[in-house]
Amino acid sequence: MSDPSSCLSLLRRSVAAPLVFTVRGMTTTSLEPPDTHEPGHWAARVASLSRSRPADDPDLAHARDALRYWRVRRALDPELEALTADTRRLLADRLLEGVA
């Protein structure tokens with residue numbers, strides 16, 4: 001990807017897409033991207049669901065994933081303007097490839 005702004009745009013579209021989880025053969029789709037709610041909402045949701053659902057529940061996994069999104073975003077946002085285009089591109093590529 002050559003343009004850092006297109007990388008960020010792609011990431012935003014990826015986050016906005018419906019999330020599909022399959023746990024123990026059961027599939028659920030969540031239409032709530034992480035940025036539709038503040039971190040406090042997701043923390044409360046994790047707390048609530050963790051009391052009443054098994055640890056591998058898809059809704060609980062989604063809420064935990066949303067909290068991870070906010071942790072990464074909080075770390076990234078303050079530094080974003082200071083990064084060069086090449087560094088932004090590297091970060092965008094890393095996010096898109098996932099953790100090996």
Polar side-chain atom of Trp70 near backbone of Pro34 as donor-acceptor pair, under 3.5 Å | yes
Decide yes or no on side-chain contact (heavy atoms from CB on, under 4.5 Å) for Glu32 and His62, but give the supporting numbers first.
-> CA-CA 9 Å; Glu32 290 186 302; His62 173 63; 4.2 Å; yes
Results of ring-ring contact (aromatic ring centres under 6.0 Å, His included) for His37 - residues two or more places apart only | His41, Trp42
From Arg89 CZ over to Leu83 CG, what is the distance, rounded to the nearest 0.5 angstrom?
-> 12.0 Å
Who are the salt bridge (Lys or Arg N to Asp or Glu O under 4.0 Å) partners of Arg53, not counting sequence neighbours?
-> Asp57, Asp59
Arg68 meets the side-chain contact (heavy atoms from CB on, under 4.5 Å) criterion, sequence neighbours left out, with Arg64, Asp65, Arg71
Can you tell me how far CG of Leu80 sits from CG of Leu91, rounded to the nearest 0.5 angstrom?
-> 8.5 Å
Which pair of non-hydrogen atoms, one from Ala75 and one from Glu79, has the smallest distance, and what is that distance?
-> O-CG, 3.8 Å
Nearest heavy-atom neighbours spanning Val46 and Ala63 = CG2-CB, 3.5 Å
With Ser50, which residues qualify under side chain to side chain donor-acceptor pair (under 3.5 Å), at least two apart?
-> none
